[in-house]
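Keep in mind that this is a model prediction, so the values were computed, not measured. To find a chain, count down the sequence lines: A is the first, B the second, and so on, and within it residues start at 1.
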Protein chains: 2
Amino acid sequence: MSIEDTFDALFKALGHRARRRILDLIKDGPKTTGALCEKLTDLDRCTVMQHLSVLEKTGLVVVERRGRERWNHLDALPIHDVQKRWIGAYAAHAVAVIESLDALAETDAQSPDITAPPQASIAMRQVGSRSKTS
Amino acid sequence: MSIEDTFDALFKALGHRARRRILDLIKDGPKTTGALCEKLTDLDRCTVMQHLSVLEKTGLVVVERRGRERWNHLDALPIHDVQKRWIGAYAAHAVAVIESLDALAETDAQSPDITAPPQASIAMRQVGSRSKTS
DNA sequence: TAATCATGTTATAAAAATACAACATGTCAA
DNA sequence: TTGACATGTTGTATTTTTATAACATGATTA
């Protein structure tokens, strides 16, 4: 499995609120599947288990069996990896854009160059309206 | 749209390598759709546009039209938000686990308590084998 | 202005994800 | 050992995502 496959799986795993809720529930300590189902009353037990298996495949949840119980542990290390190799770079990029805009704001108005791909004009718009589409 | 919807959309958007490739391609400056298609030779032009529209809906891509061209700009600010509100907390959690393990390694061997939910034992396993499942 | 070019739109097939039902298995406790 | 309990497995209907085809539009330029 390539590193890109790993990122695919991790982002997809985090891309469902039920799974993020599960991670939140076991953040401060492992829980049994039954305990999780009691919290996630809006979901069927089978659905919870399916989400757990998705999380387990990504390594975000580590399972330990104790008799007839299944204790679901959080392993946040994969998220740490995502943070380091992916999110961090883009978050830094965002900060850099903001800072460059602050610098721009100092210099202010510049003659618009229609020939070059415009970066600042868009960036200005971003800061002006941070509201998302739809 | 709730904040959880936003996270759903963002993680899902990042959960496809084609979209991450697109973001990489426009990280250092905007590109036209045509320019992107030239780079993503393994994908149909329509598919690239569909991915772009997914990215646009999340706010990760901001579109600017210039005549018959469409310039796709990166807006990394949503990723910065994810980093702040979500990834950061878990990444910190991972680091905390590692550090607590370092501390544990000092004290070392402890009597296993079968009554309490075991945390350390699993955590030890995590450090022992960082390899992911499958 | 007519051909070309870059992009946009609509429809659709195929694949994957989601939610759940029904049934199966292994464990514990009386 | 027997019944309750926690979990596991398999199958399936529904929805969403992905990839593409076919056609449309609006801007350039020869």
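Here the side chain of B:Thr6 pairs a donor or acceptor atom with the backbone of B:Ser2 at under 3.5 angstrom. Using modelled atom types, no side-chain atom of A:Lys39 and backbone atom of A:Leu25 make a donor-acceptor pair closer than 3.5 Å.
For B:Cys46, whose side chain is taken as the heavy atoms from C-beta onward, the closest listed nucleotide among C:dC20, D:dT7, C:dT9 is C:dT9. Of the candidates C:dT7, C:dT9, D:dT7, C:dT7 carries the atom nearest the B:Thr33 side chain, counting heavy atoms from C-beta on. Among the nucleotides C:dG8, C:dC20, D:dT7, the one closest to the side chain of B:Met49 is C:dG8. Between C:dC23, C:dG8, C:dC20, one nucleotide has an atom nearer to the side chain of A:Thr47 than all others, and that is C:dC20. Comparing C:dA19, D:dT28, D:dT20 by their nearest atom to the side chain of B:Arg68 picks out D:dT28.
Residue pairs meeting the salt bridge (Lys or Arg N to Asp or Glu O under 4.0 Å) criterion with at least one partner in residues 12-25 of chain B, sequence neighbours excluded, are A:Glu4-B:Arg20, A:Asp5-B:Arg17, A:Asp8-B:Arg17, A:Asp8-B:Arg20, B:Arg21-B:Asp42, B:Asp24-B:Lys27.
At the phosphate of C:dA17, neither OP1 nor OP2 sits under 4.0 Å from any side-chain N or O atom of A:His51.
Position along DNA chain C of the nearest nucleotide to A:Asp42 versus A:Lys12 favours A:Lys12 as the more 5'-ward residue.
Within residues 15-23 of chain B, no residue has any heavy atom under 4.0 Å from DNA chain C.
Between the side chain of B:Arg45 and the base of C:dG8, a donor-acceptor pair under 3.5 Å is found.
B:Arg65 comes within contact range of the sugar-phosphate backbone alone, with a heavy-atom separation under 4.0 Å but no base atom that close.
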